[in-house]
Amino acid sequence: PVAYGRILEWKGRPEADIFWGGESALYDKLAEQKLIAKLDLPAAVMGAIPATIGKPKPIPLKDPKGFWTGTVLEPYGLVYHPKLLARLGVPPPKDWDDLLHPKLKGNVAQCAPSRSSSSHATYEVILQRDGDDKGWEWLKRLAANTGIFTARSRDVPSVVARGEFAAGFAVPSYMAFEDPLSGHDIRFVAPKTAFITPEPIGILAGSKRPRAARAFIEYMLSERGQRVAMERGVFPITPKYRVQGKPGSQAEKAVEFTGGIRSYFDIEVTNIYDDDKAQARYQEVNAQFRKDIEAVVEDLKKKY
């Protein structure tokens, strides 16, 4: 949202060439305001990317009008510290509800939705899965198990990797996957209803280097670009590729870290996240989280 606001301020005279990451709805809004340009990528490049993934709410992987495309698939899920969980007598989590285990009291790390778009999307998954009343009750119970609200979502896997807390919300890629690469014992799991972002990318209208921007996007969608991305803990945007490498390679470490998944096109993807609903009440959810959870977290710990 911060980068989107900066693009609006530039008013078609951008200081950058590319907008990358975030929700695809932001790109649609930019296209309506003529602030991103059509990609004009080769038909073979765009044709290799499926239109959507997931049911019952398909996640768009590219813009049918041609203003943006997905680059990689990245799930929003959970990280956990296997040895600390074992000491606590808690099995490795597989779904969101596992974070409510009574033995995890004080051992969950999370980041408020106002400070993290990935955390916000995850809380929306819970609210949309359970409905508002049950969803907010679930989030209050999670707060009762929470030992820290971090300043950034990146800090959640860091404190879990160090064994200070047992589990929390995170995305793999440049955040959580950096920790096992540094030798920490930390694992990632994407629950069945985890939201998967295609990490959209677009070229800003008025870019001073549109040819270089287009070349970069083509590189990201090439086999070489996809292989580089896979070594950072994310997944290919096309069924043509799977995360694979030599034994001991970063690609194989990524597969181990993310629970054995090599491609999201190999498995059934369940998506319940309604992006339009989430965007329409973005600030409202943040405000309610501040009032009903962050401001009264100590009371919630006594109640539950």
Side-chain angles (χ1 to χ4, degrees), residues 21 74-123 125-126 138-191 194-195 197 229-235 243 248-261 289 293-294 297-298 300-301 304:
E74 176 153 47
Y76 296 162
L78 305 171
V79 286
Y80 61 95
H81 193 286
K83 289 179 182 175
L84 181 51
L85 285 182
R87 283 204 299 271
L88 294 170
V90 179
K94 294 181 179 178
D95 209 342
W96 309 116
D97 297 338
D98 295 334
L99 290 187
L100 302 185
H101 195 295
K103 290 184 179 179
L104 283 178
K105 199 168 182 78
N107 268 290
V108 172
Q110 60 171 315
C111 182
S114 58
R115 294 193 287 271
S116 165
S117 60
S118 60
S119 294
H120 186 106
T122 298
Y123 298 131
V125 166
I126 301 299
W138 191 98
L139 290 172
K140 288 174 183 177
R141 288 183 178 276
L142 180 67
N145 271 7
T146 298
I148 187 173
F149 283 94
T150 63
R152 305 174 304 160
S153 53
R154 170 66 185 96
D155 297 332
V156 172
S158 293
V159 295
V160 171
R162 294 197 297 266
E164 296 171 17
F165 297 90
F169 298 132
V171 300
S173 73
Y174 57 91
M175 294 192 180
F177 188 49
E178 296 301 314
D179 294 304
L181 290 180
S182 301
H184 293 288
D185 187 14
I186 181 175
R187 296 292 172 87
F188 174 89
V189 62
F195 176 66
T197 175
M230 290 179 220
E231 292 184 351
R232 308 315 300 178
V234 291
F235 298 89
V243 184
S249 65
Q250 282 194 191
E252 289 302 315
K253 287 179 182 176
V255 172
E256 182 185 8
F257 174 66
T258 52
I261 296 173
F289 194 94
I293 293 180
E294 285 185 278
V297 66
E298 296 306 320
L300 294 174
K301 289 177 181 179
Y304 298 104

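Being a predicted model, the structure only gives us computed values, none of them experimental. Scope of the values below: all heavy atoms of this structure, side chains included, with no hydrogens, waters or symmetry mates.
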Note to self: Checking S119 against R115 for the side-chain hydrogen bond (donor to acceptor under 3.5 Å, both in side chains) test, could you report, in this order, the C-alpha distance in whole Å, the side-chain angles of both residues, the deciding distance, and whether it holds?
What the structure shows: CA-CA 8 Å; S119 294; R115 294 193 287 271; over 6 Å; no

Checklist line | V297 and K301: CA distance, side-chain angles, deciding distance, side chain to side chain contact (heavy atoms under 4.5 Å, CB included) verdict | finding: CA-CA 6 Å; V297 66; K301 289 177 181 179; 4.0 Å; yes

Next item on the list: Report the C-alpha separation of V125 and W96 in whole Å, then their side-chain angles, then the decisive distance to 0.1 Å, and conclude whether the side chain to side chain contact (heavy atoms under 4.5 Å, CB included) test is met.
Entry: CA-CA 10 Å; V125 166; W96 309 116; 3.8 Å; yes

Note to self: Between I293 and F149, is the side chain to side chain contact (heavy atoms under 4.5 Å, CB included) condition met? List the steps.
What the structure shows: CA-CA 11 Å; I293 293 180; F149 283 94; 4.1 Å; yes

Next item on the list: Apply the test side chain to side chain contact (heavy atoms under 4.5 Å, CB included) to residues L78 and D98: give CA-CA distance (whole Å), side-chain angles for both, the deciding distance (0.1 Å), then the verdict.
Entry: CA-CA 10 Å; L78 305 171; D98 295 334; 5.8 Å; no

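Taken to the nearest 0.5 Å, the NZ atom of K83 stands 14.5 Å off from the CG atom of L88. Rounded to the nearest 0.5 angstrom, L85 CG and K103 NZ are separated by 11.5 Å. Taking CZ of R152 as the start and OG of S158 as the end, the distance is 7.0 Å to the nearest 0.5 Å. T258 OG1 to F177 CZ: the interatomic distance, rounded to the nearest 0.5 Å, is 8.0 Å. The line from NE2 of H120 to OG of S114 is 10.0 Å long, rounded to the nearest 0.5 Å. Within the model, atoms NE2 of H81 and CG of D185 stand 5.0 Å from one another, a figure rounded to the nearest 0.5 Å.
Contact of the F188 side chain with the P75 side chain is registered, since non-hydrogen atoms from C-beta on lie closer than 4.5 Å. A 4.5 Å side-chain heavy-atom check between T150 and Q110 finds every atom pair outside the cut-off. Contact annotation: the side chain of P92 approaches that of Y80 to within less than 4.5 Å [non-hydrogen atoms, C-beta and beyond].
Using modelled atom types, one side-chain atom of K105 and one backbone atom of Y304 make a donor-acceptor pair closer than 3.5 Å. With N145 contributing its side chain and L99 its backbone, the two residues share a donor-acceptor pair below 3.5 Å. In this structure, the side chain of K253 does not engage the main chain of G233 through any donor-acceptor pair within 3.5 Å. Of the possible polar contacts, none joining the H184 side chain to the I186 backbone as a donor-acceptor pair under 3.5 Å is found.
Between I148 and T146 the shortest heavy-atom distance is O-CG2, 3.2 Å. When every heavy atom of V171 is checked against every heavy atom of S118, the shortest pair comes out as CG1-CB, 3.8 Å.
Salt-bridge formation is not detected for the pair R141/D97: no Lys NZ or Arg NE/NH1/NH2 atom is positioned less than 4.0 Å from an Asp or Glu carboxylate oxygen. Here E256 pairs with R187 in a salt bridge; the nearest charged N to carboxylate O distance falls below 4.0 Å.
Between the side chains of E74 and T197, not a single donor N or O lies within less than 3.5 Å of an accepting N or O.
Proximity of the aromatic rings of Y123 and F289 is defined here by a centroid distance below 6.0 angstrom, and this criterion is met.
Applying the side-chain contact (heavy atoms from CB on, under 4.5 Å) test between V243 and each of I261, V234, V255 identifies V255 as the sole match.
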